[in-house]
Amino acid sequence: MRFFFLVTSLLLAASPLYANPFLGKWHVTKVETPNTYFGEIKYPKHFELTQQNGQLSGQYHDQYGYECDFSLIELINAGNELLLIGCGVTKHANSWMPVHKVKLINDRLVGKVITHSTQFTWYAEAIKPNSR
């Protein structure tokens, strides 16, 4: 019985069905902004999400060339969505840190960015291993 449990556990761990689809390198290809957007809110141009010892981590590169690690990365909705909180600090203490709520749709990441009163959407495609 132990052998069966061990073999089953190993097969499940190696199965691509249980791989986290959010992991990898991503490039933002499109950003939809509302008419009231003035270009001050950071959004990722490209980023990488990795997992080590069960913990998600990620590096973020915004449209202004700034880069750092995400402050928070959390799977939500039974692993079907990803919650990302940008890195660094806001320009002012009264400003709200943007929150990215991300979902995988048709092999692309779709991110909804929410801050104090502005919401916009970005779309990202996986970067193939031989590019960049």
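Hydrogens, waters and symmetry mates are skipped; everything else that's a heavy atom, side chains included, is used.
- With contacts defined as side-chain heavy-atom distances shorter than 4.5 Å, the pair Leu84/Leu72 does not qualify.
- With contacts defined as side-chain heavy-atom distances shorter than 4.5 Å, the pair Arg108/Glu125 qualifies.
- By the 6.0 Å contact criterion, CG on Asn94 is open, its count of non-hydrogen atoms from other residues, nucleotides or ligands being 12 or less.
- Proximity of Phe22 to Leu75: side-chain heavy atoms (C-beta onward) are separated by under 4.5 Å at one or more points.
- When all heavy atoms of Leu104 and Pro21 are compared, the pair lying nearest together is CD2-CB, 3.5 Å.
- Atoms CG and CD, on Leu83 and Glu74 in that order, are 7.5 Å from each other to the nearest 0.5 Å.
- Looking at Leu49 and Asn20, their side chains never come closer than 4.5 Å, going by heavy atoms from C-beta outward.
- Side-chain contact between Thr121 and Val31: absent, with no pair of heavy atoms (C-beta onward) separated by less than 4.5 Å.
- Note that the OG atom of Ser57 and the CD atom of Gln52 stand 6.0 Å from one another [nearest 0.5 Å].
- If you run side chain to side chain contact (heavy atoms under 4.5 Å, CB included) between Lys101 and each of Asn77, Ile76, Val113, Val110, only Ile76 comes through.
- Atom CD in Glu48 sits 8.0 Å away from atom NE2 in His61 (nearest 0.5 Å).
- With hydrogens and angles disregarded, a donor-acceptor distance shorter than 3.5 Å links the side chain of Asp62 to the backbone of Tyr64.
- The two residues Trp26 and Asp107 have their closest heavy-atom pair at CZ3-O, 4.2 Å.
- The closest side-chain heavy-atom distance from Phe47 to Leu109 is below 4.5 Å.
- The aromatic rings of His100 and Phe70 lie perpendicular to each other, with more than 60° between the two planes, well past the 30° mark.
- In plain terms, the two heavy atoms of Lys45 and His27 that are nearest each other are O-ND1, 3.3 Å.
- Considering only heavy atoms from C-beta on, Gln119 comes within 4.5 Å of Lys112 through its side chain.
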Practice item. Begin with the C-alpha distance, continue with both residues' side-chain angles, and end with the deciding distance and a verdict on side chain to side chain contact (heavy atoms under 4.5 Å, CB included) for Glu32 and Tyr123. Key: CA-CA 9 Å; Glu32 294 176 349; Tyr123 301 86; 3.4 Å; yes
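- Within a 6.0 Å radius of NZ in Lys103, more than 12 heavy atoms belonging to other residues, nucleotides or ligands are found.
- Inter-residue side-chain proximity for Tyr66 and Cys68 is flagged as met; some heavy-atom pair is nearer than 4.5 Å.
- Phe120 and Leu82 fall within a single hydrophobic cluster, where Ile, Leu, Val, Met, Phe, Trp and Tyr are joined by side-chain heavy atoms under 4.5 Å apart, directly or via other members.
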